[in-house]
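This report concerns only the one structure given below.
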Amino acid sequence: MIVAFSVSPSGNPRPDGPAAQSQPGDGSVHDAVAAAVKVVRGSGLPHRTSSMFTEIEGEWDQVMGVVKEAVEAVAPYGSRISLVLKADIRPGHTGELDGKLERLEAALKDQ
């Protein structure tokens with residue numbers, strides 16, 4: 001299974017959270033997103049991060065466990081958390097994080 005997800009805080013930082021001492025800025029959430037990506041990278045599962053989403057591949061319980069930990073890592077940065085998740089559930093298939101792109105590139109080459 002591949003899950004593409006985006007997690008972001010909103011609202012006021014928790015008083016005891018890492019963002020509580022930060023100066024008001026441009027609304028960037030890069031520190032919170034970095035906390036989530038650190039969880040993904042530490043999971044050992046195949047993953048990829050772009051400017052809008054992080055993709056992670058593995059078994060259902062593994063992937064959802066990492067997503068839950070990523071949400072928990074973002075929690076100190078805001079009083080609310082937004083999670084957007086899209087899943088490609090294809091039992092018996094692995095290596096699809098790259099495989100899907102390889103098939104797309106081959107199809108484009110053939111056209």
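This chain uses plain numbering: 1 for the first residue, then up along the sequence.
- Summarising the local packing, CZ of Arg103 is surrounded by more than 12 heavy atoms from other residues, nucleotides or ligands at distances under 6.0 Å.
- Judged by distance alone, the side chain of Gln62 and the main-chain N or O of Glu59 form a donor-acceptor pair under 3.5 Å.
- Judged purely by distance below 3.5 Å, without hydrogens or angles, the side chains of Thr54 and Thr49 pair a donor atom with an acceptor atom.
- The distance from atom OG of Ser8 to atom CE of Met52, rounded to the nearest 0.5 Å, is 10.0 Å.
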_Trace of the salt bridge (charged side-chain N to carboxylate O under 4.0 Å, His left out) decision for Glu105 with Lys109_ = CA-CA 6 Å; Glu105 292 299 327; Lys109 192 176 185 180; over 6 Å; no

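- Closest non-hydrogen pair, Val39 versus Ala73, comes out as CG2-CB, 3.9 Å.
- Screening Glu55, Glu102, Arg90 against Glu96 for a side chain to side chain contact (heavy atoms under 4.5 Å, CB included) leaves a single residue, Arg90.
- Summarising the geometry of Ile89 relative to Trp60, their closest heavy-atom pair is CD1-CZ3, 3.4 Å, with the distance given to 0.1 Å.
- At least one side-chain heavy atom of Phe5 sits less than 4.5 Å from a side-chain heavy atom of Leu83.
- The only option from Val37, Val71, Leu85 that meets the side chain to side chain contact (heavy atoms under 4.5 Å, CB included) definition with Val7 turns out to be Val71.
- The distance from the CD atom of Glu57 to the NE2 atom of His93 is 11.0 Å, given to the nearest 0.5 Å.
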*Verdict with supporting geometry, Val3 and Lys86, side chain to side chain contact (heavy atoms under 4.5 Å, CB included)*: CA-CA 6 Å; Val3 168; Lys86 181 176 181 178; over 6 Å; no

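- Of all non-hydrogen atoms in Gly58 and Leu45, the two that sit nearest each other are CA-CD2, 4.5 Å.
- Annotation: the span from Met1 atom CE to Asp88 atom CG amounts to 8.5 Å, rounded to 0.5 Å.
- Side-chain contact between Ile56 and Ile2 is absent, with no heavy atoms from C-beta onward closer than 4.5 Å.
- Linking Ile, Leu, Val, Met, Phe, Trp and Tyr residues whenever their side-chain heavy atoms come within less than 4.5 Å places Met64 and Ile81 in a single cluster.
- Nearest heavy-atom pair, Val74 versus Ala36, reported as atom, atom and distance to 0.1 Å: CG2-CB, 3.8 Å.
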